[in-house]
Visitor: 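Structure in structure tokens, see below.
Note that these values count all heavy atoms, side chains included, but never hydrogens, waters or copies made by symmetry. Numbered from 1 within each chain, the chains take letters A, B, ... in sequence-line order.
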Amino acid sequence: MALLHKLLNGTSFPKLCRMQDVARCFLLGPVFAGYPSRLYGSIKKTEAASGRSSPEVNTQGGLEKQTKGEVGLDLISPKEKIEIIFDKAIRTEIKDHFKLLAKELVDRWRGPEGCPLHEVLLENTRVMWQFRSDEDLDKWLVTSDRTIGGRSKAFLKMASNNQSALFHGILNTELPHDGETQRSGYCAMTSRIPRGAFERKKYYDWSNFNTLYLRVRGDGRPWMVNIKTDTDLVQKSQHLHSYFMFTRGGPYWQEVKIPFSKFFFSSKGRIQDNQQQLLTDQISSIGFTLADKVNGPFYLELDFIGVFHDPTHTEEFAYENSKKICGNL
Amino acid sequence: MNCVWRAILAWDHSMGRHFLSRAVPGHSPWQPEGSCLLQGLSQFPRGFCSSAARLASDSKQVPMVKPSAVSTKALEPYEDFFEQASGGQRDKTGFSRAVKAFAQRDMRKRGHVDFIYLALRKMPEYGVQHDLAVYNLLLDIFPKEVFVPRNMLQQIFNHYPRQQECGVKVLDQMENYGVMPNKETEFLLLQIFGRKSHPMLKYLRLMYWFPRFKNINPFPVPRPLPKDPIDLARHGLERIAADLSARVTVYQMPGPEDLGANPSQPHIVGIQSPDQQAALAQHNPARPVFVEGPFPLWLRDQCLYYHVLRADLLPPEERQEDKEMGPERNFYYPMQLDLDLDRGPWDDYEFDVDEVEEGPVFAMCMAGAHDQATLAKWIQGLQITNPALAHIPVVFRLGAVGGELQLSEHQEGQGQHNQEREEQVSPKEDEEEPSQAQIRHQGQS
């Protein structure tokens with residue numbers, strides 16, 4: 001491992017600096033961070049760095065220079081020298097994990113998720129994600145149809161007032177030239193799956209709440225809000241519950257409330273005949289997708305995402321299972 | 001001899017081996033007629049399996065009898081026929097004429113699956129992709145009551161699968177373009193494929209989901225969108241104003257030569273609500289107001305650009321809460337009721353989050369041109385209804401329009417320009433003013 005590190009550090013190619021950094025974070029990422037999700041992120045980065053054609057890479061570099069706090073393409077700048085000491089890094093990592101474990105144990109004893117029971121019972125609203133600093137952006141992943149060979153671009157960064165996140169880019173429905181893709185053109189941002197000590201998967205428990213609350217400002221395009229429940233089973237990894245979010249556009253903020261009962265069930269992007277209710281006790285992530293088949297720039301500004309309990313909303317599930325469809329063939 | 005040879009070749013194709021057909025194009029010992037027979041042969045297996053070949057991935061099956069041997073100009077079967085039958089008209093009449101011509105050409109409707117696929121692909125070209133009647137016309141090509149399964153066995157084993165797939169594809173395209181089928185579609189599908197079939201199932205799914213999602217948009221966009229730019233701007237402004245009492249004013253009508261390349265007199269449409277007017281009247285004249293933009297607004301597939309007149313956020317020491325009324329204002333009854341109607345700590349519905357604070361917006365406008373001269377006319381028009389604006393300095397913070405759009409189209413050789421545009425288009429971001437920003441004192445004029 002040390003040899004590998006020396007190899008990466010010692011041989012310096014002036015033109016391949018970026019690639020070298022990418023390779024470093026790709027190869028050594030798991031050792032330092034230990035996050036599988038970060039490993040995923042670094043794969044993204046390599047893909048972004050080794051763009052297809054050279055002019056594209058140029059423009060990307062330009063965009064990157066403009067927007068420093070972006071998540072999608074945050075390559076480590078070559079000037080920045082990273083100090084790498086393996087033993088120390090591993091030690092701090094282990095220490096952090098044990099600290100997290102101790103905190104979890106104490107929290108468990110104190111009440112659900114570290115809050116006393118009376119607070120949890122009286123809780124009507126909870127802010128799940130807010131965007132006030134660059135650390136908040138680290139909880140999100142940005143994907144686009146670049147992963148399947150498309151030409152869309154998407155970036156996530158803090159807006160200039162530093163109080164909200166700006167998800168912007170260009171949607172492009174041009175098909176990748178692989179001969180079998182029929183449709184293309186999507187941009188998405190997804191929250192990372194929460195992790196506890198020793199990289200255990202954790203879930204959000206929203207069973208006290210029945211409505212999703214978003215404070216956004218868009219440009220008039222329709223979005224899709226996707227909620228993913230637990231992903232332990234392989235069969236369930238493609239399951240999503242989705243609903244639509246329409247933005248008004250204009251300079252004013254907009255408050256969107258979507259009851260959980262409205263979310264419909266889909267698997268691999270296909271609406272299923274057998275509809276199931278969204279079970280809110282094991283939520284792993286939330287995502288926003290833009291795929292409205294219109295080429296052009298887009299932006300979505302996010303203030304915060306929360307959940308709340310609306311006592312006037314009593315509907316459990318909006319979609320009944322139709323006998324005509326389920327028993328047709 | 002001919003008949004036997006065809007049978008052997010058909011068997012060969014169906015087995016997927018193509019031993020014989022590989023030998024065909026050059027020198028076949030059994031083929032005295034030469035190219036004439038070859039043409040007949042080459043069309044036979046294509047009609048036999050071409051729809052299957054398209055549904056499977058394109059790269060897998062390369063037809064052994066090359067299409068170039070047939071020596072037609074069109075790549076697709078019936079493409080020439082379609083062009084001729086439509087009579088060169090690229091609209092609904094031409095399209096339906098071609099479809100009807102095919103339906104009346106042959107009683108047996110030979111090759112109708114190929115024709116329907118071709119017609120589906122041609123729909124956006126003819127501009128009929130949102131027209132339900134055209135889809136029904138297409139479904140009407142299918143022969144009736146032939147593909148309906150007659151017994152249990154046929155029903156279990158996918159009866160006429162290629163035709164069913166084609167029917168599903170028609171409905172799939174309807175779904176893609178958001179066209180809701182009607183009773184006529186159902187009746188046609190019943191006649192063609194019967195109740196228990198895949199197209200019918202697709203129809204049922206469409207009729208389950210489409211009515212549920214038809215009217216969920218709280219900000220509906222008319223279909224079709226208005227053609228007149230003033231009507232379009234009016235609709236967009238009413239949408240983004242989020243205030244029913246806001247009033248739209250047309251400051252300038254477009255000139256007659258607006259349709260030309262360089263509009264000399266672009267349209268200017270603005271909106272302002274009474275609240276905004278009152279806020280502008282109270283604005284401190286020592287602080288400038290800004291004209292910012294252009295910001296994009298998408299109405300379905302059309303992008304409009306708007307500008308806002310806004311001020312920066314006041315520093316906290318200058319914010320005055322003059323709205324508060326002291327209890328001494330009136331001796332006879334309280335001016336302010338502060339009853340604590342909360343029932344308890346469980347009635348707290350506030351999110352625990354810091355408010356995003358931004359400067360107030362005083363007015364919005366949409367104009368045909370995004371340069372400073374046009375927007376100065378808007379400000380002059382605003383001064384009639386807002387006399388206070390005459391004493392306030394106005395700063396123009398303008399960016400370029402559609403920089404990112406161009407970025408996606410011409411990706412080469414524009415790197416430097418796009419960097420600049422990127423900064424300006426990305427909304428609410430420019431901290432420092434662009435170079436062309438000028439301070440204009442409107443008071444003297």
Visitor: Which answer fits A:T247, side chain, backbone, both or neither, if we ask what part of it has an atom under 4.5 Å from a heavy atom of chain B?
Guide: backbone
Visitor: Please find the pair of heavy atoms, one from B:V353 and one from A:V127, that lie closest to each other, and give the distance.
Guide: CB-CG2, 4.1 Å
Visitor: Evaluate side chain to side chain contact (heavy atoms under 4.5 Å, CB included) for B:Y177 paired with A:K293, printing each intermediate quantity in order.
Guide: CA-CA 10 Å; B:Y177 288 108; A:K293 302 171 195 161; over 6 Å; no
Visitor: Of all of A:D219, A:D273, A:L122, A:D292, which one pairs up most often with chain B through heavy atoms under 4.5 Å apart?
Guide: A:D219
Visitor: Heavy-atom pairs under 4.5 Å with chain A are the metric here; pick the option from B:K196, B:Q155, B:R239 that has the most.
Guide: B:R239
Visitor: Which class fits the ring pair A:Y319 and B:W209: parallel under 30°, tilted 30 to 60°, perpendicular over 60°?
Guide: tilted
Visitor: Do A:F298 and B:C303 touch side chain to side chain, with heavy atoms closer than 4.5 Å?
Guide: no
Visitor: Show, in sequence, the C-alpha distance, side-chain angles and deciding distance for A:Q130 and B:F351, and conclude whether the side chain to side chain contact (heavy atoms under 4.5 Å, CB included) test is met.
Guide: CA-CA 11 Å; A:Q130 53 177 331; B:F351 282 95; over 6 Å; no
Visitor: With only heavy atoms counted, which part of A:E123 is less than 4.5 Å from chain B, the side chain, the backbone, both or neither?
Guide: neither
Visitor: Start with the C-alpha gap between B:V356 and A:R215, add the side-chain angles, then the distance that decides, and say whether side chain to side chain contact (heavy atoms under 4.5 Å, CB included) holds.
Guide: CA-CA 10 Å; B:V356 175; A:R215 194 150 182 271; 4.3 Å; yes
Visitor: Is the OH atom of B:Y160 crowded by more than 12 outside heavy atoms at less than 6.0 Å?
Guide: no
Visitor: Tell me, for B:V308 versus chain A, whether the close heavy atoms (under 4.5 Å) come from the side chain, the backbone, both or neither.
Guide: side chain
Visitor: Can you tell which part of B:R195 gets under 4.5 Å to a heavy atom of chain A, answering side chain, backbone, both or neither?
Guide: backbone
Visitor: How long is the gap from CG on B:D301 to CZ on A:R221, to the nearest 0.5 Å?
Guide: 10.0 Å
Visitor: Counting C-beta onward and ignoring hydrogens, is there a side-chain heavy-atom pair between A:Y299 and B:P296 closer than 4.5 Å?
Guide: yes
Visitor: Counting heavy-atom pairs under 4.5 Å to chain B, which of A:M245, A:K324, A:R132 comes out on top?
Guide: A:R132
Visitor: Under 3.5 Å, sequence neighbours excluded: what are the donor-acceptor pairs made by side chains of residues 260-270 of chain A?
Guide:
from   : atom 1 : to     : atom 2 : distance (Å)
A:S261 : OG     : A:H313 : NE2    : 3.0
A:S261 : OG     : A:E315 : OE1    : 2.9

Visitor: Identify the two heavy atoms, one from B:I240 and one from A:R248, that lie closest to each other, and give their separation to 0.1 Å.
Guide: CG2-O, 4.1 Å
Visitor: Can you name the closest pair of heavy atoms from B:M364 and A:P251 and give their distance?
Guide: SD-CD, 3.5 Å
Visitor: Quick one: what part of A:L121 sits under 4.5 Å from any heavy atom of chain B, side chain, backbone, both or neither?
Guide: neither
Visitor: Which bit of A:V256 is near chain B, if near means a heavy-atom gap under 4.5 Å: side chain, backbone, both or neither?
Guide: neither
Visitor: Report yes or no: does B:W298 contribute a side-chain atom to a donor-acceptor pair with the main-chain N or O of A:G249 at less than 3.5 Å?
Guide: no
Visitor: Do you know which of B:Q302, B:H198, B:M207 has the most heavy-atom pairs under 4.5 Å to chain A?
Guide: B:H198
Visitor: Does a sphere of radius 6.0 Å around CG in B:D352 hold more than 12 heavy atoms from other residues, nucleotides or ligands, not counting ones at 6.0 Å or beyond?
Guide: no
Visitor: Which bit of A:R126 comes within less than 4.5 Å of chain B, counting heavy atoms only: side chain, backbone, both or neither?
Guide: backbone
Visitor: Please classify the contact between A:Q275 and chain B as side chain, backbone, both or neither, with a heavy-atom cut-off of under 4.5 Å.
Guide: side chain
Visitor: Please look at B:N217 and chain A and tell me whether the side chain, the backbone, both or neither of the residue comes under 4.5 angstrom of a heavy atom of that chain.
Guide: both
Visitor: Applying side chain to side chain contact (heavy atoms under 4.5 Å, CB included) to A:I271 and B:R205, what does each step give before you reach the verdict?
Guide: CA-CA 9 Å; A:I271 299 187; B:R205 283 173 183 155; over 6 Å; no
Visitor: What pair of heavy atoms forms the shortest contact from B:Y208 to A:I325, and how long is it?
Guide: CB-CD1, 3.7 Å
Visitor: Side chain, backbone, both or neither: which part of A:Y243 has a non-hydrogen atom closer than 4.5 Å to chain B?
Guide: side chain
Visitor: Tell me whether B:E350 at atom CD has more than 12 heavy atoms from other residues, nucleotides or ligands lying less than 6.0 Å away.
Guide: no
Visitor: Is there side-chain contact between A:Y252 and B:E358, with heavy atoms separated by less than 4.5 Å?
Guide: no
